[in-house]
Amino acid sequence: MNRRDLLKSMLAMTALPATGYCSNALAEPATQSRFLLVFLRGGYDACNLLVPTSSSFYYESRPNIAIARPGDNPQSALELNADWSLHPALRDTIYPMYKNGEVAFIPFAGTDDLTRSHFETQDTIELGQPLNTSRNYHSGFMNRLASVINGGKGIPAMAFTDQLPISMQGTASVGNTSLRNLSKSSVDQRQTDIIQKMYGKTGLAQQVNEGFAVRQDIAMEMQDEMNAANRDAITTKGFALEAKRIAKMMREKYALGFIDIGGWDTHVDQGGAKGTLAGKFEELGRGLAAYKNEMGDAWHDTTVVVISEFGRTFRENGKRGTDHGHGSVYWVMGGGIKGGQVVGDQIKLTSGQLFQNRDFPVLNEYRAVLGGLFSRIYGLNNQQLTTVFNGVKARDLGLI
């Protein structure tokens with residue numbers, strides 16, 4: 001093997017998956033209904049996912065990264081209704097599902113947590129407990145949901161994560177299984193040393209050394225916050241590759257699942273119809289479409305909800321990105337939902353309607369929205385709903 005081939009081989013190396021199962025791995029689902037929560041860690045830019053194409057203020061606020069109004073250009077937004085359109089990266093995956101009534105969107109959704117901190121807001125959502133009260137960090141809302149379903153007997157539940165997330169922690173028996181980790185660099189320190197030694201006595205030695213130094217400096221400076229916000233979540237590329245495996249496990253063994261996907265903290269050069277964020281949307285869409293296809297007939301009894309800890313600023317920043325925001329857009333998917341619509345409380349997007357003059361306001365509180373879905377999916381009564389989300393009234397948006 002020559003040097004070029006050896007270098008290409010090293011760059012192609014990726015870590016192998018590590019897998020662990022809980023004691024109920026072979027149990028059959030106790031209910032036909034299946035629910036998967038997809039958590040986008042990092043606060044994704046919902047304004048370029050569900051594009052407010054009827055708002056001229058949106059185009060004034062995003063001169064470089066806005067998605068063009070629906071038109072003949074393939075980079076134009078995909079019209080959903082008179083006010084909203086979808087990012088064109090989802091043309092072949094989520095858009096057909098929306099048109100088929102299998103996807104709905106809930107704008108202005110989120111939590112009343114105002115910290116704009118990835119960690120605090122993620123914790124707030126995963127705990128599902130009232131704000132400004134003493135919190136039990138060993139009681140996540142997904143675990144409480146598992147404990148009340150099936151007459152209190154619980155159901156087989158699994159977190160498709162490296163560590164058991166807060167939302168799945170509690171008294172009910174829930175396991176986790178690690179997915180393939182594609183978020184790490186394909187060249188580790190050992191491989192870096194080999195490459196530097198290989199070129200050490202050639203005319204390329206200085207360029208190779210400088211290249212690794214620049215890569216390390218940039219990675220440390222620009223990726224620290226994103227990596228922390230991700231909390232070791234799988235990448236969108238990883239999810240696209242693993243979606244079928246998750247679906248097979250959900251179809252055959254589990255009724256309740258959780259997956260987190262990182263990489264959504266787009267402060268710099270997030271792009272518009274093309275670019276970094278568009279690529280992540282495309283990979284996420286492929287993963288969700290693959291999940292649907294692999295579920296087969298069980299898709300009719302499946303509900304998938306996609307959320308994030310918060311949205312991002314309505315206006316783009318000076319680096320052609322967006323910063324931490326407040327309200328977001330939730331997705332609801334499934335073969336049995338009443339999709340093909342944008343639901344929940346909404347407002348016209350003008351400068352005077354922004355929360356603190358910068359963000360989507362939260363008009364559809366996440367616990368009320370999820371409580372309404374759980375009530376329909378599992379037939380939960382008020383007492384059971386109170387166990388899952390204490391202090392909030394469930395809200396039925398008519399999707400199930």
Side-chain angles (χ1 to χ4, degrees), residues 15 17-22 24-25 29 33-44 49 93-94 97 103 118 122-123 125-126 128 140-143 145-146 155-169 172 174-184 229-265 280-295 298-299 302-309 328 330-334 366 370 373-374 377:
T19 305
Y21 293 95
C22 67
N24 66 356
S33 298
R34 290 163 175 80
F35 179 84
L36 178 70
L37 184 73
V38 179
F39 200 124
L40 307 183
R41 295 198 189 273
Y44 89 102
L49 181 281
T93 54
I94 304 303
M97 294 168 64
V103 181
H118 291 296
Q122 287 175 19
D123 288 352
I125 289 179
E126 291 195 67
F141 82 84
M142 291 282 284
N143 190 284
L145 174 64
I155 57 173
M158 176 62 73
F160 301 95
T161 55
D162 288 345
Q163 303 292 330
L164 192 66
I166 290 177
S167 61
M168 283 292 205
Q169 295 184 23
V174 177
N176 66 287
T177 178
S178 177
L179 296 172
R180 191 193 319 261
N181 189 347
L182 298 178
S183 62
K184 296 181 179 178
N230 291 345
R231 290 187 169 181
D232 295 321
I234 197 170
T235 62
T236 48
K237 181 179 180 181
F239 175 65
L241 293 172
E242 293 293 332
K244 288 186 177 181
R245 184 162 73 97
I246 297 171
K248 185 175 186 296
M249 296 173 70
M250 288 292 294
R251 187 183 71 237
E252 297 178 353
K253 300 176 182 178
Y254 302 106
L256 194 64
F258 176 98
I259 173 71
D260 52 6
I261 303 171
W264 302 97
D265 197 23
K280 294 184 183 300
F281 283 151
E282 194 273 334
E283 291 169 343
L284 177 62
R286 279 196 289 110
L288 291 169
Y291 182 88
K292 170 211 164 174
N293 293 335
E294 186 65 26
M295 289 301 291
W299 178 244
T302 294
T303 305
V304 177
V305 174
V306 181
I307 69 173
S308 193
E309 66 262 35
S328 184
Y330 290 1
W331 317 16
V332 181
M333 309 172 60
Y366 83 104
L370 290 177
L373 289 172
F374 296 156
I377 295 170

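Note that these values count all heavy atoms, side chains included, but never hydrogens, waters or copies made by symmetry.
In this structure a side-chain-to-backbone donor-acceptor pair under 3.5 Å is present from Asn176 to Asp162. Listed for the Arg34 side chain is a donor-acceptor partner under 3.5 Å among the backbone atoms of Met250. One N or O on the side chain of Ser308 and one on the backbone of Leu40 form a donor-acceptor pair closer than 3.5 Å.
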Full working for ring-ring contact (aromatic ring centres under 6.0 Å, His included) between Phe239 and Tyr291: CA-CA 10 Å; Phe239 175 65; Tyr291 182 88; 7.5 Å; no
Are Trp264 and Leu284 close enough, and set up right, to give a side-chain contact (heavy atoms from CB on, under 4.5 Å), and what steps lead you there? CA-CA 11 Å; Trp264 302 97; Leu284 177 62; 4.0 Å; yes
I'd like to know whether Phe258 forms a side-chain contact (heavy atoms from CB on, under 4.5 Å) with Leu164, so could you lay out the CA-CA distance, the side-chain angles of the two residues, the decisive distance to 0.1 Å, and finally the verdict. CA-CA 10 Å; Phe258 176 98; Leu164 192 66; over 6 Å; no
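Within the model, atoms CD of Glu309 and OH of Tyr366 stand 12.5 Å from one another, a figure rounded to the nearest 0.5 Å. Note that the CG atom of Leu37 and the CZ atom of Phe160 stand 12.0 Å from one another [nearest 0.5 Å]. Expressed to the nearest 0.5 Å, how far CZ of Arg41 lies from CD1 of Ile261 amounts to 11.0 Å. Note: Ile246 CD1 to Ile259 CD1 = 4.5 Å, rounded to the nearest 0.5 Å. In this structure, the separation between NZ on Lys248 and CD on Glu294 is 8.0 Å, given to the nearest 0.5 Å. In this structure, the separation between CD on Gln169 and CG on Asn143 is 8.5 Å, given to the nearest 0.5 Å.
Looking at every heavy atom in both residues, Glu126 comes nearest to Pro165 through OE1-CB, 3.4 Å. Among all heavy-atom pairs drawn from Ile155 and Ala255, the shortest one is CD1-CB, 3.7 Å. Of all the heavy atoms in Met168 and Ala159, the pair that sits closest is CG-CB, 4.1 Å. When every heavy atom of Lys292 is checked against every heavy atom of Met97, the shortest pair comes out as CD-CE, 3.9 Å. Of all heavy-atom pairs spanning Lys280 and Thr236, the tightest one is O-CG2, 3.7 Å. Across Ala240 and Glu283, no two heavy atoms sit closer than the pair CB-O, 3.6 Å.
Every residue two or more places apart in sequence or in another chain that forms a ring pair (Phe, Tyr, Trp, His ring centres under 6.0 Å) with Phe141 is listed here: Phe389.
Between Phe281 and Thr93, the closest side-chain pair of non-hydrogen atoms is not below 4.5 Å. No side-chain heavy atom of Leu370 sits less than 4.5 Å from a side-chain heavy atom of Leu145. When side chains are defined from C-beta on, Trp331 counts as touching Leu288, because their heavy atoms get closer than 4.5 Å.
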